[in-house]
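I have placed the structure first, in the form of structure tokens, so that the comments after it can refer back to it.
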Amino acid sequence: MSTETPEQVKQMEICLQLERQNFHLNAHFHAPMKGVTALFGPSGSGKTTLLRCIAGLEKQTRGHLKIGADYWQDDSLCLPPHRRPVGYVFQKSNLFQHLTVLQNLRYGQKRTAKTQRKIYLNETIALLELENILKCHPDQLSGGQQQRVAIARALLTTPQLLLMDEPLASLDQASKLDIIPYLERLHQELSIPVIYVSHSPDEVTRLADHLVLMDQGSVTAEGEINHILTRNDLPLAHLEEACAVISGKVVKHDSHYHLTYLSIPGGTVAVSYRGFPISDTVRVRILARDVSLALSPGENSSITNVLAVTVISIQTMADPAKSLITLQLGSEQILASITRRSVHKLAISVGTALYAHIKSIALMH
Amino acid sequence: MSTETPEQVKQMEICLQLERQNFHLNAHFHAPMKGVTALFGPSGSGKTTLLRCIAGLEKQTRGHLKIGADYWQDDSLCLPPHRRPVGYVFQKSNLFQHLTVLQNLRYGQKRTAKTQRKIYLNETIALLELENILKCHPDQLSGGQQQRVAIARALLTTPQLLLMDEPLASLDQASKLDIIPYLERLHQELSIPVIYVSHSPDEVTRLADHLVLMDQGSVTAEGEINHILTRNDLPLAHLEEACAVISGKVVKHDSHYHLTYLSIPGGTVAVSYRGFPISDTVRVRILARDVSLALSPGENSSITNVLAVTVISIQTMADPAKSLITLQLGSEQILASITRRSVHKLAISVGTALYAHIKSIALMH
Amino acid sequence: MLQTIAEIDLQPVWLSLKLATFTTIFILAAAIPLAWWLHQEGNRSVKGAIGAIATLPLILPPSVLGFYLLLLLGPNGPIGQLNERFDLGSLAFTFEGLMLASFIYSFPFALQPIQNAFQTMSKGQMEAAATLRASPIDRFFTVALPLARPGLLSGATLAFAHTIGEFGVILMIGGNIPGETRVLSIAIYDHVESMEYTQAHILSAGMLIFSFLVLFILNSFHQRRGKYYL
Amino acid sequence: MLQTIAEIDLQPVWLSLKLATFTTIFILAAAIPLAWWLHQEGNRSVKGAIGAIATLPLILPPSVLGFYLLLLLGPNGPIGQLNERFDLGSLAFTFEGLMLASFIYSFPFALQPIQNAFQTMSKGQMEAAATLRASPIDRFFTVALPLARPGLLSGATLAFAHTIGEFGVILMIGGNIPGETRVLSIAIYDHVESMEYTQAHILSAGMLIFSFLVLFILNSFHQRRGKYYL
Amino acid sequence: SATVHIAVASNFSNTIKSLITPFEKQSGNSVIASYGSSGQLYAQIRNGAPYEVFLSADQLRPNLLIQDGYADSSNGFIYAQGQIVLWSPNKTNHLNKQTLISERRDGLLAIANPKHAPYGSAAIQILKQLNVYQAWKKRLITGQNIAQTQQFIASKNVSFGFICYSQVAALPPDEQGAYWLVPTHYYKPLLQQLVILKKGQHNPAALRFIKFLKSPQAQAIILRHGYLPGPMPP
Ligand SMILES: Nc1ncnc2c1ncn2[C@@H]1O[C@H](COP(=O)(O)OP(=O)(O)OP(=O)(O)O)[C@@H](O)[C@H]1O
Ligand SMILES: Nc1ncnc2c1ncn2[C@@H]1O[C@H](COP(=O)(O)OP(=O)(O)OP(=O)(O)O)[C@@H](O)[C@H]1O
Ligand SMILES: [Mg+2]
Ligand SMILES: [Mg+2]
């Protein structure tokens, strides 16, 4: 028996290959066994295919796959899909047409040992607002309703690994905002790792701890989320939604203004109140477009969060009017996107010390 | 014959009812015969159903439907779907499984008189990046690829009304950014009106000229986009993506910094360069979260656009840390979302004159 | 043995193939529209009744069915009277009569699989075709039929094979006229009855081998991955 | 007339119903797994061949098929010899023999629609079931079968009806023994042969009416909106 | 009580039913009758059918069975002799040999299959005797057996044809139409033979049944159904 370091047990090792007529999947990466690993890549880059290989749905898959301490696939072994404790939310909902919504939900739950069930029917139904449609058949549901049923159905098996293929794509903003915190809670409280495919940078940065970028069947970059988000040689930093995700510690609550103060590397910031205990570690997202730069800390402005930063690099963006500035903030890096005119006007160059005025900081978890 | 004012001919009159077991659609509104009318509403509110009724796919539909000068449905008449010159992009792609991608694209094109074709095959294929998959069958495509084929197929009939049900939901950001300007161009150059369902406020505000909010089968509000976006009694103003959309006139280009200067009600702003002729009328979107308020115009900041505004109303938002400020900007209204703490700190109240520092303004068309 | 083979009359073989081919074509031509009509929305009970009637010929023993057909076609029967009025000549004991009989008897075997195929077809593609300007008849041919291909193949296979093997009805309505109504199944039966077992064996074996090959090819079509590429 | 009705022997009716019911059950029990197996990936040509063989009995004229079955099952045939060795008793001229013959003859009619049903089933739902912990056999029963319901219904209908109507094979292998192998189709045939037309008409009419009702009900099931609610 | 299982050529089925009733009444035995064509019954007997007595429509098959040891050679005898008629359901028709000679060229003539039905080959013999076979050859409609041939004619799809006299005799008088009972010298006698099969050899009921068939009472019934009694065995 091989002795495994706890480090290894806390990882999933994915090294899978699949040959298709016009497509070659070759995915090789490690991801932590907690939190959300987001797969990000253009249409047709193989994200769905990779999830299918992990779930065991592609018989031709080669390679090996180790989830935590368990081998799911290697040279000699290949668990069939029903023995892999995954919950799979498909890109197309794939609901059972011959069953009602409730029967769909119960399908996987019944097949999970009672002792292993940690996600409960009523709670899930309430959260995903399925009360009124429990007796409907899938062909009587709207697109978003179908997607919510599919999410609930996958969750009710209390999976040890959740595979989600654009689960929120056809949901309205309000539903998304309900479901995302629930998913966050799930992978925190039940420590169910999630592999999450999404085209929405917003969803990804909200949810993900680890990012895997794919292109044409291969992994082009992967790593801790802020590292990948702020690397200006990667496409994410050049999106309109470019952002940084950094950790902070809760230091104070202000119940009057409903604010929570966080200490982050490089200063203290205020965010909308969330009931985390003092000195909890949390993560905040800072969108590049929310960061403006100034030579002075400024006063008399509605901007609450002002932090001292140093310029690390300046890059032009896809939009030639804009520059992407990578800033050192304490031990972390954040991004700012400002006009080139402002870069000139403020004479910003590498090494310049500036004040970042951050219009809005989103607290995540 | 009834004499119609040109105003009426330029409108679509939609007044449709449909009874389903647990659902009652009652949609009544007018929309302009140009530009994009967005349908917005929670999951299950009847958006897809309404599109189906407009396309003539629900036989039980009652009511009347007049598109421009043509009656499609009234008491005595109901055009069958194939006689309604719509292009419908379904929520599920509904591609023909027995045909290749190219054959799918040609299906509708072949059935359109040559003289009416104004959207061309090669151009559409190039734009939607379908070159490499023309010979594939739909079941060999990724989700996003299927969706792009469906869009192309609907467009190639050169429809007189485009119905799009979350057409970009499973597309990556880059594809979206390619397709959205194309759609804008379509409805401008060919003046094809579009009815567009989307859950993405970003897409809606980018594309729409007219907004229809639906809930539980009924229209809860409708009107010109900025009017609906900035009404703080409607849900849109309370979203994280709350914004205003206002018109401006191109006044100057700055080729050095790649900026275009626009005169908008209340001042002049700079946006990323787009090659519009001087004195063209264009629209810009100002997100509430991009607007910060200050007592002074400020200097030494990367923020380029500073405008004088007056506070019209102050509302708390769903997030109690934040306030939604409606601002008068010349003859228009825009929104700002700032912390309640800042409202206090700056002593903002109705009537206060302030400076809006706008971090980013997006030019649309 | 070789001599026996040489002496075997092959005319019934061609006649059977011709009969089965024509019958299958006519059956498909009738079963496809009927199945489609049954599939459309409308009065359920009328459709249920018509569907049931189309299946009924299955239930009667073939030679009894043949007997009733004979009564129908005879000069006193309604069809016979019609024929007489229009001076069309009798159908009994003619190849056309055989086709009519085989048609009636093999029809249900084609109808059922085709009906199923339409029923399991997703509505979405038909709707998409409608919004792409295809008229009902156009989308029937360009979408519904191609999607129903496995069902059509099955229906045609069953109707063809069953017509080849059919015998009781044909015996009754055909009168065993060489070159006109003496089909293969009757020829084999005659050999068995006359204790000419060698000929019976040879014809049966030949028929089985030929049919096996045809069915094998059809089956491979049927199962080919990507069931939609003809 | 009334007296004739009263005199009609109803035993063949029950025998036919019993035969058709048992045969249909056995056919479904065999055709469903076979269709499933044929539907799975694997060696295409082996599967094509087996599918073709299962369809072959269609092609032979029933009484010829019956003749060969007789040769097989009779005391000189291989199966007969086997039976003799193990002292199982002969199958020919027994009800069990009829079941075997009907099984072989009606099998293809059930196989084809069921195979189609599996083929047109969307793969997605089976995959979803797999990720929801359902083993292959579990998802076969809980997903594939319910989704194949229209095909199963069709297959069962065709097999049942065809067994009721079958006659050539049964006459040959069954020997027209009252109470044992004289089923309804043979009884009607006998009446026709003996020129007892009244009895033949009555039995035929009764059979048609009964079958019509059964088929009508089945058809309504079949077509019901929401094809999935049994 | 004892039971005997008999296999009867279908053309004799009506007659045998009239015979079984008195036999069962007299002997207390019961009779199970299976009907089929002689060829079919023959094949079944060779393959283990449970029949004990075989009433064939010809002599060929019983003799083959005896030859191959499936039947007892000692008890067989000719139980009836068939008579062939030219029949038409149309009363006003006048049928005789002239009909066959002078009939217009497009009429059809129904006969049983001459290859294996004895009444079929008898019909051919008659046509040949009358020298009209070539003229009719193309217009012969062959029924698989004599019953089918009768149906062809009764349904008026064919105007007349050769069937068994017993079939006409079984019809109610007003449906008997017109017929020509063909003189026996036009064809080889249609001798219908029965044999006791191996399975019935030791069944007293079987012996009793064939004994009954030889009785004057049975012979009268057979005669009434349109058959001539067979030449009695010693
Ligand atoms: N069943 C199939 N047979 C053959 N090729 C396929 C099949 N499914 C997908 N492909 C091809 O494999 C590639 C990867 O597809 P995949 O569905 O994994 O993409 P994706 O990253 O999920 O894209 P999207 O974001 O559009 O869903 C594509 O080029 C697609 O055309
Ligand atoms: N085929 C159907 N039969 C019966 N009810 C249906 C059917 N399709 C939809 N419904 C019901 O009609 C209502 C409206 O559905 P619709 O699909 O129009 O919603 P939607 O606004 O498009 O939602 P989504 O954003 O989730 O796609 C829903 O309550 C749904 O359950
Ligand atoms: Mg995908
Ligand atoms: Mg919808």
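Atoms considered below: every heavy atom in the structure, side chains included; atoms not considered: hydrogens, waters and symmetry mates. Residue numbering restarts at 1 for every chain, and letters A, B, ... go by the order of the sequence lines.
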Go through the steps to decide whether D/Phe109 and D/Ile27 satisfy the test side chain to side chain contact (heavy atoms under 4.5 Å, CB included), and finish with yes or no. CA-CA 10 Å; D/Phe109 296 116; D/Ile27 285 181; over 6 Å; no
Look at [options] and state which one has the largest set of heavy-atom pairs under 4.5 Å with chain C.
{"options": "D/Ile164, D/Ile50, D/Ile59", "answer": "D/Ile59"}
{"options": "D/Leu208, D/Ile188, D/Thr163, D/Leu65", "answer": "D/Leu208"}
{"options": "D/Leu56, D/Thr55, D/Val214", "answer": "D/Leu56"}
{"options": "D/Ser122, D/Pro57, D/Pro62, D/Ala200", "answer": "D/Pro62"}

Would you check if the distance from the ring center of C/Tyr189 to the ring center of D/Phe67 is below 6.0 Å?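 Distance test on ring centres: not under 6.0 Å, no.
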C/Phe107/C/His162 aromatic ring centres below 6.0 Å: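 Between C/His162 and C/Phe107, which both carry aromatic rings, the centre distance is not below 6.0 Å.
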Need one label for [X]: side chain, backbone, both or neither, based on atoms under 4.5 Å from any heavy atom in chain C.
{"X": "D/Ile209", "answer": "neither"}
{"X": "D/Tyr68", "answer": "side chain"}
{"X": "D/Ile53", "answer": "both"}

Classify the ring geometry of D/Phe212 against D/Phe216: parallel below 30°, tilted from 30° to 60°, perpendicular beyond 60°.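 D/Phe212 and D/Phe216: parallel rings.
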Parallel, tilted or perpendicular for C/Phe118 and C/Trp36, by the 30°/60° rule?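 C/Phe118 vs C/Trp36 ring planes: perpendicular.
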With a strict 4.5 Å heavy-atom criterion, list every residue of residues 13-22 of chain D that contacts chain C, or say none.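 Residues in range: none.
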Donor-acceptor pair, distance only, cut-off 3.5 Å: does the side chain of D/Thr181 make one with the backbone of D/Gly174?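 Yes, the answer is positive, given that a donor and an acceptor are paired below the 3.5 Å cut-off.
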Within the distance-only criterion (no hydrogens, no angle test), does the side chain of C/Thr23 pair as donor or acceptor with the backbone N or O of C/Ser102 below 3.5 angstrom?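 Side chain of C/Thr23 to backbone of C/Ser102: no pair is present.
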When heavy-atom pairs shorter than 4.5 Å are enumerated against chain D, which of C/Ala117, C/Ser45, C/Gly155 gives the highest number?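 The residue among C/Ala117, C/Ser45, C/Gly155 with the greatest pair count is C/Ser45.
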Can D/Asp190 and D/Arg182 be said to form a side chain to side chain contact (heavy atoms under 4.5 Å, CB included), step by step? CA-CA 10 Å; D/Asp190 273 356; D/Arg182 177 178 292 168; 3.7 Å; yes
Nearest atoms (heavy-atom pairs only) where C/Leu70 meets C/Phe93: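 In terms of heavy atoms, the two residues are closest at CD1-CZ, 4.4 Å.
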Flag for D/His191-D/Gln199: side-chain donor and acceptor within less than 3.5 Å: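 There is no such pair between these side chains.
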